[in-house]
Amino acid sequence: MLTSKILLATQREAPADAEIISHQLMLKAGLVRKLASGIYTWLPTGLRVLRKVEAIVREEMDKAGAQEILMSGVQPAELWQESGRWEEYGPELLRLSDRHGREFCLGPTHEEVITDLVRREIRSYKQLPANFYQIQTKFRDEIRPRFGIMRAREFLMKDAYSFHLDEASLQQTYEDMFECYSTIFNRIGLVFRAVIADSGSIGGNTSHEFHVLADSGEDQIVFTEDGNYAANIELAAAVKPEGERAEPSEDMQKQATPGMHSIEEIAGHFKVDESKCLKTLIVDGANDDLVALIIRGDHELNKVKAEKLENVARPLSFASADKIRKHLSCDIGSLGPIELDIPTIVDFSAAHISDFICGANENGMHFTGVNWQRDLAEPDCADLRNVIAGEAAKENGAPLKLARGIEVGHIFQLGTKYSAAMKANCLDEKGTATTFMMGCYGIGISRIVAAAIEQNHDEKGIVWPQSISPYSLVLIPIHMHKSQRLREAVMALYEQFSAAGIDVLLDDRKERPGVMFADMELIGIPHRLVFSERGLDANTLEYKGRTDEESSDINLDEAVSFIQKQLASG
RNA sequence: CGGGGUAUAGCUCAGCCUGGUAGAGCGCUGCCUUCGGGAGGCAGAGGUCGUGAGUUCGAAUCUCGCUACCCCGACCA
């Protein structure tokens, strides 16, 4: 490809609203442009990357025995009503109606459509197991799209759905997909972790997420160094503190704490560690009431764990300040478990401390030297908190590490959630109609592009993994428009590279060298060859890898084999 | 949807407080000089100042409504 023939669209400055590095670089490098909030147009260079990711995913899915199909992005409401999700899904589902007033939605996912297809088409166990996938544009009307392509409303996703008559078969396909995903992310060249995950609103039980590790990641994941345990922090169980609680050594006292609301202020005032304070959080209960959740001052509430409690409303919502004032006659910041007459659940580690400090349920007052059993009843306990770095994993006792991740893949065992609701079944060996067991497997294709940039960039721009770079190689001639000899040499080599099947870009713009260098580094092409009159005289070219400090001369006649070697080793 | 903010040239922004009819840098077009890391000069093109109303002799500027976008919370590939 010649740069003069394509819309390169590089920019010096990124729009001010681009927050994270991948968003800024995708705009600066001319990969995408915003059309509306969370909706983007892919420009030629960006589309090449997207297509490369897509190709890898497709190849590996095919290898794993999945069959590609393509379902409609627009789906009839009836199917969603059948599965119950027309009501369940909420405003994320973009609904529309046609000229006849019939209701449709823009597909955020395709469980209903595939289940409908399979219940019509698959009659016999002999056709199973079957795994169908598509690579297609999805739409989710996110409350808050942000970070550019990372969390867009419209995005490209690979989604696959498998069908089985028994658990063993589902488990087998699930494991095959796990392997397939690992191969895909390894091939792309991303540093990732597969973690145990919450299955969330899609339903089902067993579930893993694949996260690309990056500091800008929206998810917190935890894992042990030995690699034997990895989970989304939402799921990571905290170990109950061992041993007996220390005996009380202080008397309980009520003390004035005017104007102090945060744990930090209280701990600072009494000159104790935050772990000696209790944090009391009030959330909405399942039956229009309130529930108190209590954790140690230095801990964070884990929302997924809290949501699983019987008397807590789902989704979890913090009680409004008004409601708290009305029911508890004091404000957030002065709450505590003593004489609190709403259901109260205490985290194991908060129940293990003695001589602690907590709010007195009276504005501006706290108790110190409080002890369970002596000053108030032994509490109902549960695991409510996020684990912290360094503590032992419940599963194997190894110390946990924390990292941030970008979720790029998610696999679920759905069981019969959709097939049962939609009466999807087929005949087994004995001729009995049996409800399908299903698995579902997603990969965020467009998100991978952004995630790859988050993980691979420097001050000059993007540093593509070779596997998904828009071009493998760029040729930069210096003052080609002034030298016929140089032009001929460059064009000849360009043809050779093309013939060798290398994705080569020739920068034939009438630009100064600095402009070309800067643009190509911004775009992130992994290999660069510079042509000059001087080099031609010596029969050499200058080679520089994207992250190399210095360039090196190579023999003009060996250029193709040299680059082939670089590509093979990259 | 709740809370906060922004809207002026393709991009980044100034002008608004204190009304007097629109600017800079980058980018774009042409010419000249320059020519190995985002050059310099000259000449240009480009804006119903988001939108609707109001106040005023006069509104980018003051007031109100609307819309879009962004940031903080809840969702997810």
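Letters A, B, ... are given to chains in the order of the sequence lines, protein chains preceding strands, and every chain is numbered from 1.
In this entry the distance linking CD1 of A:I411 with P of B:C76 reads 17 Å, nearest Å. Taking atom CD1 of residue A:I478 and atom P of nucleotide B:C35, one finds them 14 Å apart after rounding to whole Å. Between A:I39 atom CD1 and B:A68 atom P there is a gap of 12 Å when expressed in whole angstrom units. Put simply, CG on A:D141 is 12 Å from C1' on B:C1, counting in whole angstrom units. Counting to the nearest Å, the C1' atom of B:C70 and the CZ atom of A:F147 are 12 Å from each other. One can place CG of A:L94 at 17 Å from P of B:C76, the figure rounded to the nearest angstrom. Remark: C1' of B:G36 and CG of A:D553 are 13 Å apart, rounded to the nearest angstrom. As a whole-Å value, the separation of A:Q11 CD from B:G27 P is 12 Å.
Here B:C76 is the nucleotide among B:C76, B:G37, B:C71 with the atom lying nearest to any side-chain atom of A:R151. Taking only side-chain atoms of A:R146, from C-beta outward, the nucleotide of B:G36, B:C70, B:C71 with the closest atom is B:C71. Counting only heavy atoms from C-beta on, A:R528 has its side chain closest to B:G37 among B:G73, B:G37, B:G36. For A:I143, the listed nucleotide lying nearest its side chain is B:G73; candidates were B:G37, B:G73, B:G36. Closest contact between the side chain of A:E19 and the listed nucleotides B:C71, B:G36, B:A77 involves B:C71. Of the candidates B:G36, B:C76, B:G73, B:G36 carries the atom nearest the A:R534 side chain, counting heavy atoms from C-beta on. In the set B:C69, B:A77, B:G36, the nucleotide with an atom closest to the side chain of A:A36 is B:C69. For A:R140, the side-chain atoms get nearest to B:C76 when compared with the rest of B:U12, B:C76, B:G37. In the set B:C75, B:U12, B:G36, the nucleotide with an atom closest to the side chain of A:E218 is B:C75.
Checked by atom type, the side-chain pair A:Y161/A:H110 shows no donor-acceptor distance below 3.5 Å. Between A:E111 and A:T109, the side chains place a donor N or O and an acceptor N or O closer than 3.5 Å (distance only, hydrogens not considered). Side-chain atoms of A:D62 and A:Y133 include a donor-acceptor pair closer than 3.5 Å. Checked by atom type, the side-chain pair A:S207/A:H410 shows a donor-acceptor distance below 3.5 Å. Defined by atom type and a distance below 3.5 Å, a donor-acceptor pair is missing between the side-chain atoms of A:T206 and A:Y174. Defined by atom type and a distance below 3.5 Å, a donor-acceptor pair is missing between the side-chain atoms of A:Q220 and A:N232. Under the 3.5 Å distance criterion, with hydrogens and angles disregarded, a donor-acceptor pair is assigned to the side chains of A:S216 and A:E454.
The gap from the P atom of B:A7 to that of B:C17 amounts to 14 Å, rounded to the nearest Å. On the P atoms, B:C11 is 14 Å away from B:G50, given to the nearest whole Å. If you take atom P in B:U61 and the same atom in B:G54, they sit 14 Å apart, rounded to whole Å. To the nearest whole angstrom, the two P atoms, one in B:G46 and one in B:G41, are 23 Å apart. B:U18 and B:A22 have their P atoms separated by 22 Å, with the value rounded to a whole Å. The same atom, C1', is picked in B:G27 and in B:C13; the two are 14 Å apart, to the nearest Å. When the C1' atom is used for both B:G37 and B:C76, the distance is 42 Å, rounded to whole Å. As rounded to the nearest Å, B:C1 and B:C66 have P atoms that lie 12 Å from one another.
Listed pair A:H479 / B:C35 fails the phosphate criterion, with no side-chain N or O lying under 4.0 Å from OP1 or OP2. Between A:R512 and B:A39 there is a side-chain N or O to OP1 or OP2 distance below 4.0 Å. In this model, the phosphate group of B:A77 is not approached by any side-chain N or O of A:T109 to a distance below 4.0 Å at OP1 or OP2.
By the 30° and 60° cut-offs, the orientation of the rings of A:F210 relative to A:F185 is tilted.
Figure legend. B:C26 is base-paired to B:G10; pairs are counted as Watson-Crick or G-U wobble with both atom distances under 3.5 Å. Nucleotide B:C75 forms no Watson-Crick or G-U wobble pair with any nucleotide shown, as no partner meets the under 3.5 Å limit on both distances. B:U61: no Watson-Crick or G-U partner with both key distances under 3.5 Å is found in any strand. Base pairing annotation: B:A45 forms no Watson-Crick or G-U wobble pair, as no partner gives both donor-acceptor distances under 3.5 Å.
Stacking of the aromatic ring of A:F517 onto the base of B:G36 is not found under the criterion of centres within 5.5 Å and planes under 30°.
When heavy atoms are screened at a 4.0 angstrom cut-off, A:A152 is found touching base atoms of the nucleic acid. Nucleic acid contact class of A:V515 (heavy atoms, under 4.0 Å, all strands): base. A:R509 comes within 4.0 angstrom of no nucleic acid atom, judged by non-hydrogen atoms across all strands. Here A:K510 lies out of heavy-atom contact (under 4.0 Å) with every strand. Residue contacts shown for A:D519 include a base, since a base heavy atom lies under 4.0 Å away. Base contact: A:K482 has a heavy atom under 4.0 Å from a base atom. Within the 4.0 angstrom heavy-atom criterion, base atoms lie near A:D219.
When the nearest nucleotides of RNA chain B are assigned to A:K28 and A:E407 by heavy-atom distance, the more 5′-ward of the two goes with A:K28.
Remark: the A:E13 side chain and the B:G27 base include no donor-acceptor N/O pair separated by less than 3.5 Å.
Salt bridge A:D508/A:K5: absent, no basic N to carboxylate O contact under 4.0 Å.
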